[in-house]
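Step one of this worksheet: look at the structure below.
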Amino acid sequence: MLIISYNLRKHRAIAELAELDERYSPDAICLQEVDTAGLAEDVGRLQLAHSTTGNRLGLAMYYRPDRLLPRDVKAFALKKSLHDRVLRPAHERLLAVRFDDLEHDRGVTIASFHAAPLTALNSLRRHQINTAFTELERLGPELPILMVGDYNYPVFKENLAEKVREAGYELTLSDSRTYTRYKFFRGHFDLATSARLELKSVRTLPRGESDHLPILVDAHYADAEVADDIDVVI
């Protein structure tokens, strides 16, 4: 599966979605900072699965209907930072869709995630990530899971990766930085965490109107890789 994650910077890069679909043919696009009140139902060959409703700038996901069939959709509120409570409350920071993968005849869960802003502590973001993992497992127990988005975690990623592995997931950075707007906060903000999937690559795509660069994730089923190896041995 090919999955794109893109923080649109307050909806500024919304017009780029059709071009991303045309150029990369993703199976799904996960969005952050999107104006959920004015989304098109279709973008190129993609259809809107769902968008959050608790706050105007929220999350959304588009998918390819010839590859994926939505079975369950949920948005989740995660622990709020002081920024969320005082300035612009973000009620929902996780949007998850449990799909039937029509090509492989199996289930998979894909999620768009937006962590608390940099004014919050890394410990709060780790709490949000762990809560997200718990909710995703409940949505599709034992299914392959891919959660992509803006993790707002520019430093101490080794510690984050260790905590993610303890939860049974893997953290994967893209091949180059995804955020370069501020001198002291440049780096990999847009990440992928996965369970029961093999991520062949995570690429940073060219810059558009957003201050974040989109990432393209090439994900394969981990148990399918094992099955292929067994077939070769036999």
Side-chain angles (χ1 to χ4, degrees), residues 1-8 17 26-34 36 39 46-55 57-64 67-79 90-101 106-116 125-153 160-161 163-165 167-174 178 188-199 202 212 214-222:
M1 289 183 296
L2 293 177
I3 311 296
I4 287 177
S5 176
Y6 198 8
N7 181 321
L8 299 183
L17 299 187
D27 298 300
I29 296 183
C30 298
L31 302 173
Q32 304 89 43
E33 290 196 21
V34 60
T36 57
L39 289 177
L46 303 168
Q47 289 184 7
L48 180 65
H50 195 60
S51 63
T52 55
T53 58
N55 41 293
L57 283 175
L59 308 170
M61 190 184 307
Y62 286 88
Y63 70 98
R64 270 182 54 193
R67 171 70 187 268
L68 299 170
L69 176 65
R71 286 300 188 186
D72 198 0
V73 179
K74 287 188 177 180
F76 300 92
L78 304 176
K79 186 176 182 179
H91 301 289
E92 299 155 323
R93 288 193 171 273
L94 176 69
L95 174 65
V97 183
R98 178 169 59 84
F99 289 104
D100 283 346
D101 184 339
R106 61 186 303 166
V108 61
T109 299
I110 301 173
S112 180
F113 172 71
H114 193 183
R125 280 183 283 273
R126 290 196 300 270
H127 185 283
Q128 292 178 330
I129 292 167
N130 281 328
T131 302
F133 291 161
T134 299
E135 298 295 350
L136 293 175
E137 293 290 350
R138 289 175 179 168
L139 182 63
E142 301 302 320
L143 288 183
I145 294 171
L146 177 66
M147 184 171 84
V148 294
D150 179 4
Y151 284 63
N152 273 322
Y153 216 101
L160 175 61
K163 298 298 184 183
V164 166
R165 283 192 294 271
Y169 287 70
E170 291 293 331
L171 171 68
T172 307
L173 277 62
S174 57
T178 68
H188 292 81
F189 279 54
D190 305 87
L191 309 173
T193 48
S194 58
R196 298 174 283 277
L197 286 170
E198 179 78 18
L199 302 193
V202 181
H212 289 256
I215 60 172
L216 176 65
V217 181
D218 184 4
H220 296 250
Y221 298 109

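Only this structure's heavy atoms are used, side chains among them; waters, hydrogens and symmetry mates stay out. Keep in mind it's a predicted model, so treat the numbers as computed, not measured.
- With rounding to the nearest 0.5 Å, the separation of CG in D218 from OG1 in T172 is 11.5 Å.
- Using a 4.5 Å heavy-atom cutoff, the side chains of Y63 and V97 are not in contact.
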Going by atom type alone, with no hydrogens or angles, which donor-acceptor pairs under 3.5 Å involve a side-chain atom of residues 134-143 and a protein atom two or more places apart or on another chain?
from	atom 1	to	atom 2	distance (Å)
T134	OG1	N130	O	3.2
E137	OE1	R196	NH2	3.1
E137	OE2	Y169	OH	2.9
E137	OE2	R196	NH2	3.0

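- Proximity of L59 to E92: side-chain heavy atoms (C-beta onward) are nowhere separated by under 4.5 Å.
- Under the 4.5 Å side-chain criterion, counting only non-hydrogen atoms from C-beta, M147 is not in contact with C30.
- Residues P144 and R106 are in side-chain contact: their nearest non-hydrogen atoms beyond the backbone lie under 4.5 Å apart.
- Applying the side chain to side chain contact (heavy atoms under 4.5 Å, CB included) criterion to S194, with sequence neighbours excluded, gives L146, E170, L197, L199.
- Under the 4.5 Å side-chain criterion, counting only non-hydrogen atoms from C-beta, I129 is in contact with F113.
- Atom CG of N152 is separated from atom CG of L191 by 9.5 Å, given to the nearest 0.5 angstrom.
- Rounded to the nearest 0.5 Å, atoms CZ (F99) and CD1 (I110) are 5.0 Å apart.
- Residues satisfying the salt bridge (Lys or Arg N to Asp or Glu O under 4.0 Å) test with D27, not counting sequence neighbours, are R64, R67.
- Partners of T178 by side-chain hydrogen bond (donor to acceptor under 3.5 Å, both in side chains), not counting sequence neighbours, listed by chain and number: D190.
- Taking the side chain as every heavy atom from C-beta outward, H188 and Y151 never approach each other to under 4.5 Å.
- Partners of S174 by side-chain hydrogen bond (donor to acceptor under 3.5 Å, both in side chains), not counting sequence neighbours, listed by chain and number: T204.
- Annotation: side chain of T36 is not in contact with side chain of T53 (no heavy-atom distance under 4.5 Å).
- Using a 4.5 Å heavy-atom cutoff, the side chains of Q128 and L94 are not in contact.
- For residues 68-77, every residue pair satisfying the salt bridge (charged side-chain N to carboxylate O under 4.0 Å, His left out) rule, not counting sequence neighbours, is listed here: R71-D100.
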